[in-house]
Amino acid sequence: MSDHDYTPKSKVGKWFNDRLPLLSLANHLTEYPTPKNLNYWWTFGGILTFCLITQIVTGLTLAMHYIAHADMAFESVEHIMRDVNYGWLIRYIHANGASMFFLAVYIHIFRSLFYGSYKSPREIIWIIGIIIYLLMMAAAFMGYVLPWGQMSFWGATVITNLFSAIPFVGEGIVNWLWGGYSVDNPTLTRFFTLHYLIPFLILGLVVLHIWALHVPGNNNPIGIDIKKPSKDTVPFHPYIVIKDGFALLMFMIVFAFFVFYTPNILGHADNYIEANPLVTPAHIVPEWYLLPFYAILRSVPDKLLGVIAMLSAILILAVLPWLDTSKIRSAVFRPLYKQFYWILVADVLILGYVGAMPAEGLYLLIARVATAYYFLHFLVVLPVLGFKEKTLPIPLSITEPVLGGLPNMATAKNKESLNK
Amino acid sequence: MSDKKPERREFLFTATYAIGAVGAGAVVWPLIDQMNPDASVKALASTEVDVSSLTPGKTITVLWRGKPVFIRRRTQDEISEARSVKMEDLKHPEKDEDRAKDPEWLVMLGVCTHLGCVPLNDKGDYDGWFCPCHGSHYDTSGRIRKGPAPLNMEVPKYEFVNANTIKIG
Amino acid sequence: MKNFINFLIITIFFFGSFNLHSAEKVEYLKTNWSFKGLFGKFDRGALQRGYQVYNEVCSSCHSMKYVSYRNLAEKGGPEFSEAEAKAIAASFEVTDGPNADGEMFTRPAKLSDKFWKPYENIKAAEAANGGAYPPDMSVLVKARGGGVDYIYSLLLGYEDAPVGVNLDDGVYYNKYMYGNKIRMSAPLSEGIVEYGDGTKATVEQMSKDVTTFLMWAAEPHLESRHQMGFKAIVYLIILTILVYFSMKRIWSRVETEV
């Protein structure tokens, strides 16, 4: 991992570093050559790290007061909100932090989609990212069950029941998951354990994610390979540190607004009703960040096929580097792909919207069309585009003007990406 | 590096660090304070006990802040015995008058000062309490007389809110 | 920058669209809530009157099991004095025990006790109310999509059923109740409570006061939250500005402007 030979300045430092090269690591991270044309869409990796740490710290402190038992869970959350010093603050940060975490991860993913960050040689970074995303969804789903409100209970019931769709072993698996014959106390306690565990798995994967990134280095808005270090790069500290810091502060202002002024707006009122196995809420909906997948699930009339469709929608992302056949990374130079990209964005937002609506009538029709289009984008549009699309000429470097080709157009595009 | 306004640059960075540090402190405090006793625990920090049914020579034990508290209504003999002990004879010298303002009432934490066991009432060589764990003997004022305990049983803050009720804590 | 603004617009529309889902076809009655807005605070008088309405009218059927008597004296709430709150508590008998004989007994409530419950458990509450459970009110305001506007409107929404709507025994028509049928008869009538501060106890006044009280019961730390939020956001804006200029200063060392 040491790019150049680094010797700590102090004798104690050298002694320690010879045995555990932490200071070399710190030096690597400080000097790490980063493309200097990165725009603000690149700040979300740092923001995500902040979100993960926030969730772990607030989660730890909540776990000191929360009681994972069906008879006491709801009351323990109220105890946190009312009696624990700053309990209300820590709880609202944790609950809204989950939403902010997903907001950031979706921006981060869509950045990669636009700029081709998933393409060779960054496929493994991308796949680790998909695994992190899956774990995030599992952690968030289980975390939402813990307050043991109506949505907690019934959301858990609906989603765990999906496993019964698996032929032959389905029902056995569901009872195994539940630890009983329905969602009940055993389910709650094991969800608490797993919810506590998963963020640390995510932490480990994030380390691998960043490690894998540091091999080729960051992608950049114009998607070209660059030499590092060079005139095209800046050392991570202080340039990227301060830029990530600025972006993080802007993010925190939005976060603070939710926590302090509208802390329940992203949630569902029914989750302030204690879980009742005898009464089903009128509309069972997951949290907003799971809605697109909920829409896909419900758009297929068959239970098993619906589950397969929902899972495929996520797993298809894992093979994206091989589905997209284009040699050009960045959408800046792929005018057709750019259009399809924005259509995909709209498609996902539409799926999210209909996911919150009852699965009937016009909503169901839209969900089906949007689901079909989603798969069409990845399975048909991307492979075909790679061959058919006429891309724009790409510059040779970030700072040097392009040699030959269409200099004005390329330089103008250069300027456009730099000014994003 | 621009040499144009080095002082301005220095000030900007120093100010940013300083203001940032203030924020960091503000964030850390709630995380630490949430471990402090919460409002529901503090509400139980004092307990009121009805002692109207206590006759002289009887002791009751109540729970206060999770620990046993002995409330004994002492007989005249027990009071004079407690008051006549010489300070030199005590491992932890304390006057009975200081431990029981109203001599008839002895209120103290029923926790042995050795290693925390609950001493037994009306036992031991000094007409007070005896701790079975390691053999500490306490007198009628709850003072350690024999055995490994270093201190007398602790007298908490308490007061009579009326003739029948003691508020502890 | 342009893309960022586009993104912001899309996000706001996206998140805002969810509120359309919870909006009912009927518009709720509007009133000024003192606790709404960035600097919102509770009206102490309304909270104290609201407590009186809850206590004298609602509490015979509706529990409020997560609120304690000491909360009535705490900052940010009705702010009764400690003596007043103690007296309020002492007027209720709560279960304690077991005693030395192993039996449960009742005693006057203390500040540290939770509010007295009209029924021991949900089944008892249902049985006493024809099968309909009067919901606990500790977080009721947060448990209904329409929030305080919904509760306020519901209390004022009792009317005669329109032609063609048949009501069973014990079912009443309410303009704002989900489904329009409600098992609770109109709980408030003019003068049903005599306010200690002399305010006229119209149905509208009592509805507003008790709803304000319910908002506090659900969010006792609302005022701290608003105050802390204001300080936090001002602080973040200041720090953001400082960091912004630090960033510009540092990046000025690089030739290409990013």
Side-chain angles (χ1 to χ4, degrees), chain B residues 1-31 33-34 37-54 58-66 68 71 161-162 164-169, chain C residues 65-77 82-83 85-86 89-90 94 96-101 105-115 220-221 224-225 227-255:
Chain B
M1 265 209 263
S2 157
D3 275 300
K4 271 195 280 187
K5 297 159 194 151
E7 295 139 32
R8 274 261 287 273
R9 184 208 314 150
E10 266 304 310
F11 174 72
L12 174 62
F13 294 157
T14 314
T16 309
Y17 282 131
I19 306 246
V22 166
V27 160
V28 165
W29 173 243
L31 297 171
D33 195 30
Q34 55 85 22
D38 64 54
S40 62
V41 165
K42 292 205 281 214
L44 295 171
S46 49
T47 306
E48 288 184 6
V49 187
D50 179 1
V51 293
S52 53
S53 57
L54 227 60
K58 284 239 147 356
T59 309
I60 57 168
T61 307
V62 295
L63 206 60
W64 172 73
R65 291 190 183 177
I71 303 178
V161 291
N162 59 51
N164 289 327
T165 316
I166 299 180
K167 176 172 150 180
I168 311 174
Chain C
K65 58 186 175 172
Y66 296 125
V67 181
S68 307
Y69 289 108
R70 60 180 162 85
N71 297 136
L72 294 173
E74 283 165 0
K75 208 164 156 307
E82 191 172 311
K86 247 191 185 160
V94 290
D96 199 354
N99 59 20
D101 296 321
F105 58 93
T106 58
R107 57 156 176 80
K110 300 186 268 209
L111 287 176
S112 54
D113 288 315
K114 297 266 199 321
F115 273 18
H221 300 286
S224 305
R225 177 160 58 80
Q227 285 158 10
M228 200 184 291
F230 180 71
K231 288 187 225 161
I233 292 180
V234 164
Y235 167 81
L236 284 172
I237 290 175
I238 292 174
L239 187 59
T240 305
I241 292 171
L242 282 174
V243 169
Y244 177 78
F245 285 112
S246 303
M247 177 174 71
K248 286 286 173 214
R249 183 61 57 84
I250 289 173
W251 277 85
S252 66
R253 306 174 201 165
V254 177
E255 311 87 30

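Convention: sequence-line order gives letters A, B, ...; per-chain numbering from 1.
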Minimum-distance pair of heavy atoms, taken over all atoms of B/Ala15 and C/Leu242: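 Between these two residues, the closest heavy atoms are O-CD1, 4.1 Å.
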
Under 4.5 Å from any heavy atom of chain C - which part of B/Ala26: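 For B/Ala26, neither part sits under 4.5 Å from chain C.
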
With sequence neighbours excluded, residues passing salt bridge (charged side-chain N to carboxylate O under 4.0 Å, His left out) with B/Asp33: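 B/Asp33: no salt bridge (charged side-chain N to carboxylate O under 4.0 Å, His left out) contacts found.
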
Is atom [atom1] of [X] surrounded by more than 12 heavy atoms (other residues, nucleotides or ligands) closer than 6.0 Å?
X	atom1	answer
C/Phe105	CZ	yes
C/Lys65	NZ	yes
C/Lys110	NZ	yes

Rounded distance [0.5 Å steps], CD1 in C/Ile241 versus OG1 in B/Thr16: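 Reported value, rounded in 0.5 Å steps: 11.0 Å.
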
Reported CZ-to-CG distance for the pair C/Arg70 and B/Leu44, which is rounded to 0.5 angstrom: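 Between C/Arg70 CZ and B/Leu44 CG, I get 8.0 Å after rounding to 0.5 Å.
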
Heavy-atom contact with chain B under 4.5 Å, split by part of C/Tyr235: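 Contact with chain B: side chain only.
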
Contacting moiety of C/Ser68, where chain B heavy atoms sit under 4.5 Å: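 No part of it gets close to chain B.
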
Sequence neighbours excluded - salt bridge (charged side-chain N to carboxylate O under 4.0 Å, His left out) pairs with any residue from residues 37-53 of chain B: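 Sorted result for residues 37-53 of chain B: empty, none.
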
